[in-house]
Enquirer: 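The following block contains the structure, expressed as C-alpha cells.
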2 protein chains.
Amino acid sequence: MTEFRPVSQAVEDYLKAIYRLEQREGKVTTTALALALHVAAPSVTAMVKRLHAMRLVRYIRYRGVVLTAAGRRMALEVIRHHRLLELYLVEALGLPWDQVHAEADRLEHVISEELEERIAERLGHPVADPHGDPIPTKAGQVKEPPGFPLSELNPGTAAVIQRVADQDPAKLRYLATLGLFPQVRVTLLEKAPFGGPMSLAVGETRCTLGGELARQILVVPVEAA
Amino acid sequence: MTEFRPVSQAVEDYLKAIYRLEQREGKVTTTALALALHVAAPSVTAMVKRLHAMRLVRYIRYRGVVLTAAGRRMALEVIRHHRLLELYLVEALGLPWDQVHAEADRLEHVISEELEERIAERLGHPVADPHGDPIPTKAGQVKEPPGFPLSELNPGTAAVIQRVADQDPAKLRYLATLGLFPQVRVTLLEKAPFGGPMSLAVGETRCTLGGELARQILVVPVEAA
DNA sequence: TTGTTTATTTAGACTAGCCTAAATATCGTT
DNA sequence: AACGATATTTAGGCTAGTCTAAATAAACAA
Ligand SMILES: [Mn+2]
Ligand SMILES: [Mn+2]
Ligand SMILES: [Mn+2]
Ligand SMILES: [Mn+2]
C-alpha cells in the first residue's frame, strides 16, 4: 500500500529545510530556502517543482511551498536520524558536541532503518539530542519542548536550559567552556538593556553572556534554590 | 603540499573495485569493472577516463587500468573505513554479520577522519573485520592474511578459518548457523572428489558443506588437538 | 494609483553519471 | 594470415542538480 520510493540526499535536505522554516517562520519562501541551503534561488524553484511532482510539497508559483503529509513524514524521518546520530556520537563515541552536527548531516541520509533502531535501543529511546532538540518518534510525533530565550528572563530568576538553538561549532565550543548545556540550571543576575550582555550564575561560577548568544538559549524558569 | 580534493561516492566505489580486481585478477578490464559495479561497459570507459584525468589510475585504451599511488591510497582509505565500520557495527551495535556489509558500503563514504579514529580507538585498533579481511592502517599498509581455500585441505587435517571471502547475506547467514566464522577451528573429515561436498567437524558437531562454499573459506592448517 | 524595489521564475548552460546502439579493435582459431 | 567472436570504445541521449543573466510578478511607498 504505502508505496516506497527511495529519495535522493538533496531531496531529503530540502524537506528538512522546509520543515524547519515552517516551524520557525510559518511560511517558506524560495529565497529563505536558497539562503538555508546555500544554493541559488533558481535552483530552489527547479527543485520545489520536482518536490511538488513527487507530492512531497504543495507549491504555487510566487506563493511558496508547504509540506504535504508525506513530505512531513519524510522530513521527520530524516530529523529523527539526525538527532539520534548526534546523541549517539556524543554518548557512545565521545565526539565533541560542536562536531556532531556536521557528522550527522551526512550520516542521516545513509543509515538503514535497522541501524536506526539499534542506535535508538542502545540509547534507551531518548527524547532529545545533545542540543535539547526533540527526537521525533518512529511514528512521526514530535513534541517541541517549552521554553523561551534566556535573553527574556527576568533578573533574579533561576531557570533550566532546555535547548541551545545555535549549531555553529565555535559558539557551541564557547558555551561548553561556560558550562552552558541543556539541563543546566542558571540564575540571571543582571541584564543590560537593549539586548546587551547579561551576567549569570552557573553552578559555583558566574559569567557574562552577549545578547546574541542569549537569544539562542531557551530556558524554563524554576523555583529559586 | 598534499593537495586534498574531495571525491564523489562513485569515484570511491570505482577505486575500491579496481583495487579488488588488481588483487584478485592481476589485471583490470572494462568488462570486469562493469560486472563488479553493475553498470554498463560504456559507463566504465567514461569513468576511467575521468579517473585518469584525476591521476588516480593510468588508463590505456583497450589495455585496461592500473591504480596510481594516489588512487591506491584512496582505495585503501575507503576500504579501511568499510572494514572498521563492519566490525564496529557487529561489536558495538550487535548487527548481524550478514548485514554489515551493505550498511558499511554506504557509511564508508561519509564518515569523517575524526569519526574513523574514534571508532578505531573504541575497537582497540583492530587488524581484521568480521569476515577476516585485513584492515589497512591509516598509513595505507595492508597485510593480506595467509590461507588457502578449505576446499583444498587434505582430509584428516585440522585448520583454523582465516577469512570468509563471500559477502552474500544468505550464504553468510547459513555459515553462521554452522558456526563457521574466522578464528574457528575445523577438521576436515571426508571430501567427495571434483569439488563435491565435504564433511567437517566444528567443535562438537559435524556438518556437510558444498564445494562452492568451501572455496570461499580460507584456512590455515594447525596441529591436531 | 503609479512607480520602484525586491522576490521569483524563465531561459539557457554545465557537470557527473548513467544508458543503448553502433562502430571498431583485439584475441583466439583455424 | 585471415576470420569470427568478444571486448571495448564512440556516438548520442537522458536525469538530477546546480549556475548566471534576463524577464516578470509582487510588494511597498509616494
Ligand atoms: Mn529511519
Ligand atoms: Mn542537534
Ligand atoms: Mn579515513
Ligand atoms: Mn568485510
Side-chain angles (χ1 to χ4, degrees), chain A residues 4-18 21-22 24-67 70-71 74-75 78 105-106 108-110, chain B residues 5-18 21-22 24-67 71 74-75 78 105-106 108-110:
Chain A
F4 178 48
R5 53 232 170 291
V7 113
S8 74
Q9 154 157 185
V11 166
E12 292 187 343
D13 282 335
Y14 274 86
L15 293 175
K16 220 176 31 153
I18 293 167
L21 289 170
E22 277 189 2
R24 289 218 320 251
E25 320 286 334
K27 62 184 300 212
V28 183
T29 67
T30 299
T31 310
L33 272 174
L35 243 43
L37 292 163
H38 305 107
V39 296
S43 308
V44 174
T45 301
M47 180 58 104
V48 297
K49 284 178 181 173
R50 286 193 290 269
L51 295 176
H52 182 88
M54 294 185 242
R55 316 257 147 195
L56 297 173
V57 303
R58 277 198 59 229
Y59 163 62
I60 305 173
R61 283 193 350 167
Y62 293 102
R63 282 286 119 86
V65 92
V66 181
L67 286 174
M74 259 186 198
V78 180
D105 258 350
R106 297 186 310 272
E108 64 189 5
H109 307 291
V110 305
Chain B
R5 52 232 171 287
V7 114
S8 74
Q9 182 186 138
V11 165
E12 291 187 346
D13 283 334
Y14 274 85
L15 292 176
K16 219 175 32 150
I18 292 167
L21 289 170
E22 277 188 4
R24 289 218 319 252
E25 319 288 332
K27 62 184 300 210
V28 183
T29 67
T30 299
T31 310
L33 272 174
L35 244 44
L37 292 164
H38 305 107
V39 296
S43 307
V44 173
T45 301
M47 179 58 104
V48 297
K49 283 178 181 175
R50 287 194 290 269
L51 294 177
H52 182 88
M54 293 185 243
R55 316 258 147 192
L56 296 173
V57 303
R58 275 197 62 229
Y59 162 62
I60 304 173
R61 283 192 350 167
Y62 294 103
R63 284 284 121 88
V65 92
V66 182
L67 286 174
M74 261 188 196
V78 180
D105 258 350
R106 296 188 310 273
E108 65 190 5
H109 307 290
V110 305

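For the numbers below, each heavy atom of this structure counts, side chains included, while hydrogens, waters and symmetry mates do not. Letters A, B, ... mirror the listed sequences (proteins, then strands); counts begin at 1.
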Enquirer: According to the salt bridge (Lys or Arg N to Asp or Glu O under 4.0 Å) rule, which pairs have a member within residues 27-51 of chain A, sequence neighbours left out?
Expert: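 Listed by first then second residue: nothing to list.
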
Enquirer: Please name all residues satisfying salt bridge (charged side-chain N to carboxylate O under 4.0 Å, His left out) with A:R58, sequence neighbours left out, ordered by chain then number.
Expert: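 Per chain and number, A:R58 pairs via salt bridge (charged side-chain N to carboxylate O under 4.0 Å, His left out) with no residue.
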
Enquirer: Give me the residues of residues 59-67 of chain B where at least one heavy atom lies under 4.0 Å from an atom of DNA chain C, by number, or none.
Expert: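 Of all residues in residues 59-67 of chain B, the ones placing a heavy atom under 4.0 Å from DNA chain C are B:Y62, B:R63.
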
Enquirer: Could you walk me through whether A:V110 and B:V110 pass the side chain to side chain contact (heavy atoms under 4.5 Å, CB included) check?
Expert: CA-CA 9 Å; A:V110 305; B:V110 305; 4.1 Å; yes

Enquirer: Give the table of side-chain donor-acceptor pairs shorter than 3.5 Å for residues 7-16 of chain A, with sequence neighbours excluded, one pair per line with atom names and distance.
Expert:
from, atom 1, to, atom 2, distance (Å)
A:S8, OG, A:A10, N, 3.4
A:S8, OG, A:V11, N, 3.1
A:E12, OE1, A:H109, ND1, 2.6
A:D13, OD1, A:H109, NE2, 3.1
A:K16, NZ, A:D105, OD1, 2.8
A:K16, NZ, A:E108, OE1, 3.3
A:K16, NZ, A:E108, OE2, 2.7

Enquirer: When rounded to the nearest 0.5 angstrom, what is the spacing between CG in B:L51 and CE in B:M74?
Expert: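 One gets 10.0 Å once the value is rounded to the nearest 0.5 Å.
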
Enquirer: Rounding to a whole Å, what distance do you find between A:E25:CD and C:dA7:P?
Expert: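 Atom CD in A:E25 sits about 14 Å away from atom P in C:dA7.
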
Enquirer: Atom OH of B:Y59 and atom OG1 of B:T45: how far apart are they, to the nearest 0.5 Å?
Expert: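 The distance works out to 5.0 Å.
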
Enquirer: Nucleotide range of DNA chain D contacted by chain A, 5' to 3', under 4.0 Å to a heavy atom?
Expert: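 So the contact region on DNA chain D extends D:dG17 to D:dA27.
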
Enquirer: Regarding B:T45, tell me which of base, sugar-phosphate or nothing describes its non-hydrogen contacts under 4.0 Å with the strands shown.
Expert: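 The residue B:T45 makes base contact.
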
Enquirer: Applying the side-chain contact (heavy atoms from CB on, under 4.5 Å) test to B:V65, which of B:I60, B:L21, B:V57 qualifies?
Expert: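 One option only clears the test, and that one is B:V57.
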
Enquirer: Could you pull out the protein-nucleic contacts involving nucleotides 18-20 of chain C (nitrogen or oxygen on both sides, under 3.5 Å)?
Expert:
from, atom 1, to, atom 2, distance (Å)
C:dC18, OP2, B:Y14, OH, 3.4
C:dC19, OP2, B:A40, N, 2.7
C:dC19, OP2, B:S43, OG, 2.5

Enquirer: Rounded to the nearest 0.5 Å, how far apart are OG1 of B:T30 and CG of B:L35?
Expert: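 It comes to 12.0 Å.
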
Enquirer: Please tell me if the side chains of A:L33 and A:V28 come closer than 4.5 Å, counting only heavy atoms from C-beta onward.
Expert: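 Yes - at least one pair of side-chain heavy atoms lies under 4.5 Å apart.
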
Enquirer: Of A:Q9 and B:T30, whose closest DNA chain D nucleotide lies nearer the 5' terminus?
Expert: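 Residue closer to the 5' terminus by nearest nucleotide: B:T30.
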
Enquirer: Could you check B:I18 against B:E22 for side chain to side chain contact (heavy atoms under 4.5 Å, CB included), going step by step and ending with a plain yes or no?
Expert: CA-CA 6 Å; B:I18 292 167; B:E22 277 188 4; 4.1 Å; yes

